Each structure stands twice: as structure tokens, then as C-alpha cells.
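A short worksheet on the structure shown next.
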There are 2 protein chains.
Amino acid sequence: MRLKINKELSLPVYRQFIDGIKEQILSGTLPAGFVLPPERKLAAENDVSRTTVVRAYDELKALGLVASYRGKGTVVTDKKEPSHRENPNVFPLSWYPLFEKKLENVSDTITDLMDVGSRQDTISFAAGVGAPELYPINQLKIIQNDSACTSEVLNLSAVEGYYPLRESLSQLMERRGISTSAKEVMILSGSMQGIDFAARTFLSPGDAVIVEEPTFLQAIQCFRAAGARIIGIPLDREGIRTDVLEAQLGRYKPKFIYTIPTFHNPTGIVMSLERRMELLRIAYKYQVPILEDDPYSEIRFLPQKLPPLKALDHYGYVIYLNTFSKVLFPGMRVGWVVAPAPVRKKFTLLKQITDLHVNTPAQYVLDQFLREGHYEPHLERELTIYEKKRNIMVSALKQAEGLVGFDVPDGGFYLWCRIPYTIPQKQLLSLCASKGVLYTPGSVFYPQESDGEHLLRLNFTYESRERIEKGISIFIEAVKKLSKHNTKMDSIIEEYRPLV
Amino acid sequence: MRLKINKELSLPVYRQFIDGIKEQILSGTLPAGFVLPPERKLAAENDVSRTTVVRAYDELKALGLVASYRGKGTVVTDKKEPSHRENPNVFPLSWYPLFEKKLENVSDTITDLMDVGSRQDTISFAAGVGAPELYPINQLKIIQNDSACTSEVLNLSAVEGYYPLRESLSQLMERRGISTSAKEVMILSGSMQGIDFAARTFLSPGDAVIVEEPTFLQAIQCFRAAGARIIGIPLDREGIRTDVLEAQLGRYKPKFIYTIPTFHNPTGIVMSLERRMELLRIAYKYQVPILEDDPYSEIRFLPQKLPPLKALDHYGYVIYLNTFSKVLFPGMRVGWVVAPAPVRKKFTLLKQITDLHVNTPAQYVLDQFLREGHYEPHLERELTIYEKKRNIMVSALKQAEGLVGFDVPDGGFYLWCRIPYTIPQKQLLSLCASKGVLYTPGSVFYPQESDGEHLLRLNFTYESRERIEKGISIFIEAVKKLSKHNTKMDSIIEEYRPLV
């Protein structure tokens, strides 16, 4: 039995010798029951002193890896045995008492939805993504084959992001009325990471944060995980109710205001210009920063567009988040933030201790895609199709004979619908799921899940036109089946206004 | 002057009309000083009532976007003006009082180092990465051109990770003696995200966490950001001092023990088998989970290998972290965790509210790379070269005439060196930097930065052999220049033992 011994090494010979045998036992090379050679023999074979072998065998015995039996010699034991034998009273660890309390408020609705959504046979109106068949695969292939596979692109990149992409994005921002330098743009792993970083930068347990009610599900989860008090401000068709907001600001001292001003998720509402200016006035007056989440503003079916809050803010109160996930590839997980220097510094520290930087190849190919001018034409192609899909879903829902109320949004990804009070949401949800149709119930968008019982969100961008029609007719059947037949049209309309 | 009006829309005509003008003003299409047409004329041109135009102009005036001058008409103002005029007393926001206190403990050493390291003319021994010239670019290209560019690969994937990669990794784990199913493996954005998730899952401010002293810089930063008390346990050449650990466990009730048992960063120490078993015994006895960070175990220049703690743990106390960043592409930011179900559930919730999932294309190509059997041959090629590089650095350092003390590690990425007490680290660091050589000072690896003043870490994998020799000779010159000449050899040796 020969063992690899290298007398050049700093590791002492006896240690190499011992480890060598241990490794063979633990790796199973020397199985349980294997009889080791007599000490003298092993010493000779490996040109080491007998003391070394004796010492080795003793150590192995002490560890319970081998045992000596008179007349039989030194035998390898079952290596799983010792730890059990050594610790007769080891108990399985009870994890839950060790966990941080704050996380208990976070629920896992999303993974559940994504799980079901990933099934082939399911028509999903619950998704928050665009149509995969529209991805500009060919342009991406060309970029990747040309230049994306270099050691530079596969190596670490700067924490703040790949500089050329930051340049390209500052130009994209320019076109949206936000004049910013490349240095002010920081690349994130999706805009959601910006929400998480804002929570970690500003929120201590018990701190207040203002959100629109309803609002983006994961933002609620994220603020809950920070242990924050989430103050919901109602919306009307002009956006956040700034009058209610200002009243609340007297009572609470929120760390920031989270808002989705353009094609709000889930309602599709566009905040009017005067509300935007009013919101800024209030932020200035009460010295509260604004976290502007803007993933949907480019999914716009009308020429009219309103400037983002960031473009109207001349005092640096607004932290602006955006992402490639709605217009391009959600699987790449690339978003960005435009923020004042002190905030960027904190975000950079957080990036350093969480995931260091965004996947470099993804940053590279997205930069090339922008530089080669593919972005705008691609967006136009998408908009034509998404507008058609919206129209298909809208006219399909018309067959609900007034049972389903909604506004027709001029952009974004969603229809925000109201169903009669007589229909229990849980029943509708499971009935639809049983028929292979998935949507998002309204309550998950409310911080306290206290409201939204009779509201729901339908995504119109992900599924094909055929599946939209099929899915909506299944949905309507379910609604009709569950709605009491004595419900009157007008009473529905009553319920339906105001929408939020 | 024609405006796009669509009477089909839910958006009222007057609103479209107003927004249309606003957009043209805010986008600069109607520049400051532009005179708007008389109300009657504009109404006619756009086939809207005069009231609509009057209302529009009034609203624009209210917003300060236009002003009326007798005899001149309605003129566009400088759009930046109004907000100033409206809010004479707006102050720039003072951000710092709003920030969470815990983050103040986090320093940005790392970005600084990375910045300098990225300069062409700098020889960096500070990096924690392998040699970019060894990346298996060609195999990666083939995978990408063949199949990586599909709408499936560019779409969202499961929060826990791309399932085929989880399968491949469970097989890789099997080869390391860790028997696990694909479901038990979760993909992370680098193994560092696992450290952050563990901190967020277990640590409330004031909680104790055990680390080896010295230890991985970013782990310290991460635990600081959680507001934890970081208890450092000294190492010797057998690894963490379990006797000291057990003594400390009497006093503190740590939430978990963070350890890098194999080719420890920064010291390169391999925890002996008996220490591993002792550490597990203590964890079982005191019911403390272990966070095992294992990025370097495959960078091994000797046949002898010891099983990871996870392989020796029969009671599910160990959370095991690993990464592709040391053996493959650090820029892809892909790591993984093998953990008990309750921990995985918490990590999944955190993944959901931070970055949703790891970049799908990266997960796909890495899975293919493993499935096509490229991993092991690639690793072997790397090891031959890294061992040569280690030897080159070691013999280059011999010329320091005993001024620089170190153990020769049998693997990993680093040499952990001691310099004479007579040399101030700051001076050496800046002298080397001025000559274009970068290394990592020892103190950053100590939780309190109280120690390590005369220790430093040299990476031997990143730079070319030529640049290693050049850089080390510059380093040695600097050491000699700063060391008092009356320092005796033996006194150095004295200082040098024990190394940590």
C-alpha cells in the first residue's frame, strides 16, 4: 500500500501520510472492513519511520476511522459510524427560532405564481413579462458571435457597472428628458434590486415608507422585509391623491415615497402633469426623497408622453429606477438607477457586499444592442403588437356583459379589473386555475391585503392573441358561473366607480 | 398647430389636448419664447371647442409653462423657471440623516482596490480571481452559438435556479462527497450572495456571529452591514482554534459560525480532519449552524483532499456555499448553496425580493459546460499553471532574505506574508502603489482591523509569470528600503511564528 509523500512540502511527512490514509478511507477507496497492513510493513513500503505509522494508526483509531482486533489487525470501520458514536445526543437543529423576525412578514406568492405559470398547459395572465417570441434573437446572436465571448467580457467588471453601458443609458435617459452623465447611472440586477437597496439604505424597523395603494407586489414584500410601516395612499385617475398624501405627511415622517407614475402597476394609471408637480412640491416641502419606478413608460400606445418625475425635479430629490426586463430580455436581469451621489455611494457599498456587479456579458450585449441602434425599432415593433393584444383582450372582455369593469389603459402591460362583490375571489381564482387560466388577485397589491378582494390584474402582453381569446372566454365563463344572477348591471357599474 | 387627438380613447379630449401641448413644451419642441396661436385659431385647427383651448391655456399658465403678455399673446416660458418660482424656499435634500445607521460601518476598500487593479500599467497581487487567459473561450463560444440564444434562455427562470444546472451541480457535489439532490441546490448571484442572505436570514442588530480571524473581507463587511457583533476566533496551522471557539460559545450565543475550511482566505490554511470533526461536534453540542464557504477547495496542487464539513455533517447543520468564479468566469456571477429546506425557503424569499433569479443565459451555458464534460479537463489545465505561478512567486520571494515570512500553501489563490514590525504597512502599500504594484494589506481581513498590521496577502493566480517576477522584485525592493537594517534575521523568524 503506497501513499503519495512529497518531502519537499511544508506539510510534515507524518501529516501527509496520515491524511493520505484518511482520504482513502473517507473517499471509500479503503472500504469498511478493509484490513490495513501491519505497521512495520507499511513503514517499509513508504520509506517512513515505524513511529509515523504507529502515530497514524493511533490517530485513525482516535477518530474511530479504524479499529484494532486481536489476531485480525487494524480494520477500517464504517466511516459514518464514528460521529454517531462520538455524539450520541446530537439533535436535529431547530432552525426557525434562529431566523430574523422581520422576514416572517414576507410571503412567497410570487414563486407560486411563477411555478404554475411555467406549465405549458396554463394560459397565464399573471405574468409581468412581454412576449418571448418578440425577443430580437437574431441581432443578439450576431452581437454574441462577433464579440461577446472575450476574457474581458467574462471577467469581473466595475461595481457601478460596465462603463460603456452607463454611457449608452445616459443617452437613453437624455431622450426621456433626464439629462444625466454616465457616472450618475449605476447598473443593477434588475430595477427590483434598486427597491431592495433603497429599503436597506433608508429603512430601519418601524420607519414609515409611502406607497401608492395598490402598488407593485414585490415592493411591498421588500419594505416588509425591512420591517417598515407601509403607508398606502389611494389613487384616482390622475394618480396618487396628493391631498391625502400631504395630510399623512403631517402624521408620519416617511423615509421616502415609492411611486410608479407612468402606467402604474397594477392599475395602468398615468399620473397627470399637475399631480407630478404637486408631488414634487410636497416632497420639497417635507424634505422627503422620491423613489420613482419607471419600467412601463416606453410601452406607450399614444404619442402623448409625460416627463418622468426625475426630469421635472431640479433639486435632486428623485431616485429613478428602470429596467430592460419589459422591453428586452427579462432573463438577463439588468436594470439601472439614476440617483444623487450620496445615494449612489450607498448603493455601491451594498452592491459590493451582495453580488459585486451585474453579469458582465449581459451588460456588454445590451450596450452593443443600444449602440447599434436596435432599441428604438425593436420597441416600435413590440408596441404595434402589444396594442393589438390589448385590443383583443378588451373586446374579449366586452362579452362579460358588464360583469367585469375596467379602464382601457393607453400603455403598460395590464388591465385592472373589478368583479362583482357577489363573487368570492378565492373561488374564482381556483376555478380559473382548474381550467388552466391564471391571473393575479387584487389583494396582493395592497400593503395590508385588506382591500382588492374584488379587483384583479390581467396581463395582455405575454400570451399569444389566440390564447388571450381562449383564456378570457374561460375567465368570463368562470365569472358568470360564480356571479349571482340577480346582480343588476347598474349595481355593477356602481361598484365599478371609482376603480381604485 | 395640429395636435394628435383620438376621440376613441378613455382619456378625455381636453386632457389629450392639454397634455399634447405640455409635452411639446417640456420636450422642447415648443422652445421658450415660442408664441402660441390665438385660442380661436387653435380650436379651429384641432376641431375642438374654444373652451377646451381656454382651459388648456389657463392650466398651462397655472403651471407657469406659458405666460400672457398684452399685445404679444401666449408665450412659452423657460420650463425650468416655474418650479423655482413656485418654490422659492426649496432646499437641497440632506441625505445623510436619512440613511440607515448600520451601513455606516461598511467601508469601500474593495472598489478602491478594484479601481486601481483595472489600470493596465498596474501589477495586481490584490485580485481574488484566476488568470483570464485560461478562460475556456472556445468551448463557451460553441455552446453559445449552438443553443444559448433562444427565447427560453432569455426569459425569466425559476427563483431557485435553472433546474438542469441544479442537477449538474448536485452531481459535481457528489464528486466532492456531498450527496445532495438537485432540489437541495439553489443558484445564487455568486457565493457572496449566500453570505448576504445568511446575514439577512439570521442576524438582527446586536446578534453575534463567529468568524475565523483573519477572514474573507466581504464577509466582515456583510456582517457589519447587518449590525452584528463579529467574534473572531484565531487560527493555527490546523485551522480554527476549536478550543478557543468552545470557550467563546459559553459567553456568546452566535447565530452561526462562518468558516472557510479549505485553502482559507487569506491564510491558505487547510483545516485538519480532526478540527473539522471537532468543529462539527461543537456545532452539534451548542446547536449552532455552520456557514461553510468553499470557493478554493478545487484549486489543489496535491492529491490529498479532505472532505468538506458538509460531507461530514450527518445532522444537517451545515449551509454550504460555492462558486464558479475561481475555476471559471468571475464576470458571470454564478454561485450556489446547498442547505437544509428551512434555510433554502428563506433564501428563496430573499431572492424573490432582491434580484428574482440569476441571469438565465449564464446558468444555461455553465450547465452545458458541465454536461459536455469540459469542467474537469479545464480544471486540470488551470492547476498545472497555477502551481507553476505559485512556485515562481515563492522563489521570487526567497530573494527577500528572510524579510518576508510565509508558509507555502498547497492550493488556493494566495500567499499570506509577514513583514518586519519595523515596516509601517501604509508606507509599504503606497510605495508599492507608486511603483505600480498592488497587494492587499492584512488588517482588512480582521473584523476590528486591530491586527494584521504586519501581514499582507499576495495573489499568485491572476498575473502572468513575467509580471509576477517583476512585481515581486519591486515589492521586495520596497520592503528592503523600508526595513531598518539593524533588524536581525532570527528576530524576523521570531516574529514570523506563529503566522496567524
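Naming: A, B, ... by sequence-line order, numbering from 1 per chain. The model shown is predicted, which means the values in this text are computed figures rather than measured ones.
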Let me confirm one number: the [atom1]-[atom2] distance from [X] to [Y], rounded to the nearest 0.5 Å.
X: Ile353(A); Y: Phe223(B); atom1: CD1; atom2: CZ; value: 10.5 Å
X: Cys149(A); Y: Leu140(B); atom1: SG; atom2: CG; value: 4.0 Å
X: Leu93(B); Y: Tyr315(A); atom1: CG; atom2: OH; value: 13.0 Å
X: Arg200(B); Y: Lys102(A); atom1: CZ; atom2: NZ; value: 8.5 Å
X: Ser189(A); Y: His357(B); atom1: OG; atom2: NE2; value: 11.0 Å

Using side-chain heavy atoms (C-beta onward) and a distance below 4.5 Å, is [X] in contact with [Y]?
X: Leu156(B); Y: Arg333(A); result: yes
X: Glu100(A); Y: Phe202(B); result: no
X: Gln218(A); Y: Leu356(B); result: yes
X: Ser151(A); Y: Tyr135(B); result: yes
X: Trp95(A); Y: Val343(B); result: yes
X: Leu65(B); Y: Leu273(A); result: yes
X: Leu349(A); Y: Leu103(B); result: no
X: Pro132(A); Y: Leu154(B); result: no

Heavy-atom proximity to chain B below 4.5 Å, by part of [X]:
X: Gln144(A); answer: side chain
X: Tyr96(A); answer: side chain
X: Ser325(A); answer: neither
X: Lys22(A); answer: side chain
X: Leu350(A); answer: side chain
X: Pro342(A); answer: both
X: Glu238(A); answer: side chain
X: Pro289(A); answer: both

Review point. With a 4.0 Å cut-off, would you call Glu104(B) and Lys346(A) a salt bridge?
Key: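 Lys346(A) and Glu104(B): not salt-bridged.
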Selection from [options] maximising heavy-atom pairs under 4.5 Å formed with chain A:
options: Pro361(B), Pro307(B), Pro340(B); value: Pro340(B)
options: Leu306(B), Leu203(B), Ile195(B), Leu188(B); value: Leu203(B)
options: Lys101(B), Gln193(B), Glu152(B); value: Gln193(B)
options: Asp313(B), Val153(B), Asn145(B), Val288(B); value: Asn145(B)

Revision key, fill the gap. Honestly, the part of Glu59(B) sitting under 4.5 Å from a heavy atom of chain A is side chain
Taking every heavy-atom pair that is under 4.5 Å apart, which of [options] has the most such pairs with chain B?
options: Asp355(A), Val334(A), Val358(A); result: Asp355(A)
options: Asn155(A), Val270(A), Thr360(A); result: Asn155(A)
options: Thr201(A), Asn138(A), Leu134(A), Val129(A); result: Thr201(A)

Review point. Quick one: does Lys255(A)'s side chain have a donor or acceptor within less than 3.5 Å of a partner on Leu98(B)'s backbone?
Key: yes
Review point. Got a donor-acceptor contact below 3.5 angstrom from the Asn359(B) side chain to the Met332(A) backbone?
Key: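 Flag set: sc Asn359(B) to bb Met332(A) pair under 3.5 Å.
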